[in-house]
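What follows is one structure encoded as structure tokens, with my remarks underneath.
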Amino acid sequence: MAFLHRITLDPATCQGAPVIQGTGYPVALIVDLLRSGITPAELLTDCPTLTREDLIAALLYTTNPTTRSGSSPRENLSGIPR
């Protein structure tokens, strides 16, 4: 699946939780922030090391049934700025 290469699992980082490669941001944190109402544009502004593709990867990771955490509902990707 596109962008999933941006997610890494490393026991030495965040106790092995999935993180956005090169940022240290846990996937669960990104998804929780988006679910809480922060807009993708706000998140990208507040966390300049993140990219639009990172946000998409986090959402795809949580909705992909073949990944470890695939339990959240599909998110609307249209709100992620280009």
Side-chain angles (χ1 to χ4, degrees):
M1 202 171 240
F3 304 119
L4 287 182
H5 67 279
R6 303 175 89 82
I7 308 297
T8 61
L9 297 166
D10 180 357
T13 305
C14 292
Q15 300 177 340
V19 298
I20 305 295
Q21 184 175 9
T23 69
Y25 288 113
V27 168
L29 173 65
I30 301 301
V31 173
D32 287 346
L33 289 170
L34 292 168
R35 286 175 140 186
S36 74
I38 189 170
T39 67
E42 290 171 323
L43 190 53
L44 293 174
T45 299
D46 292 345
C47 305
T49 58
L50 290 175
T51 66
R52 174 184 183 272
E53 291 78 15
D54 293 333
L55 300 185
I56 292 170
L59 293 172
L60 290 174
Y61 185 87
T62 60
T63 61
N64 185 342
T66 63
T67 59
R68 286 184 1 176
S69 68
S71 62
S72 74
R74 290 210 176 265
E75 301 288 338
N76 182 355
L77 300 179
S78 65
I80 298 176
R82 299 223 177 257

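From E53, atom CD reaches atom CG of L60 across 11.5 Å, with rounding to the nearest 0.5 Å. L50 contributes atom CG, which lies 11.0 Å from atom OG1 of T45 (distance to the nearest 0.5 angstrom).
Evaluation of the salt bridge (charged side-chain N to carboxylate O under 4.0 Å, His left out) test over residues 12-34, restricted to residues two or more places apart or in two chains, returns none. The stretch residues 6-27 participates, sequence neighbours left out, in these salt bridge (charged side-chain N to carboxylate O under 4.0 Å, His left out) pairs: R6-D54.
Looking only at side-chain heavy atoms (C-beta outward), I20 and I7 come within less than 4.5 Å of each other. L33 is not listed as a side-chain neighbour of D46, based on a closest heavy-atom distance of 4.5 Å or more.
A search for side-chain contact (heavy atoms from CB on, under 4.5 Å) contacts involving Q21 returns T8, not counting sequence neighbours.
Shown here for C14 and P26, the closest heavy-atom pair between the two residues is SG-CG, 3.9 Å. Between T39 and E42, the closest heavy-atom pair is N-OE1, 2.8 Å.
When each of V19, L43, I30 is tested with Y25 by the rule side-chain contact (heavy atoms from CB on, under 4.5 Å), just one qualifies, namely I30.
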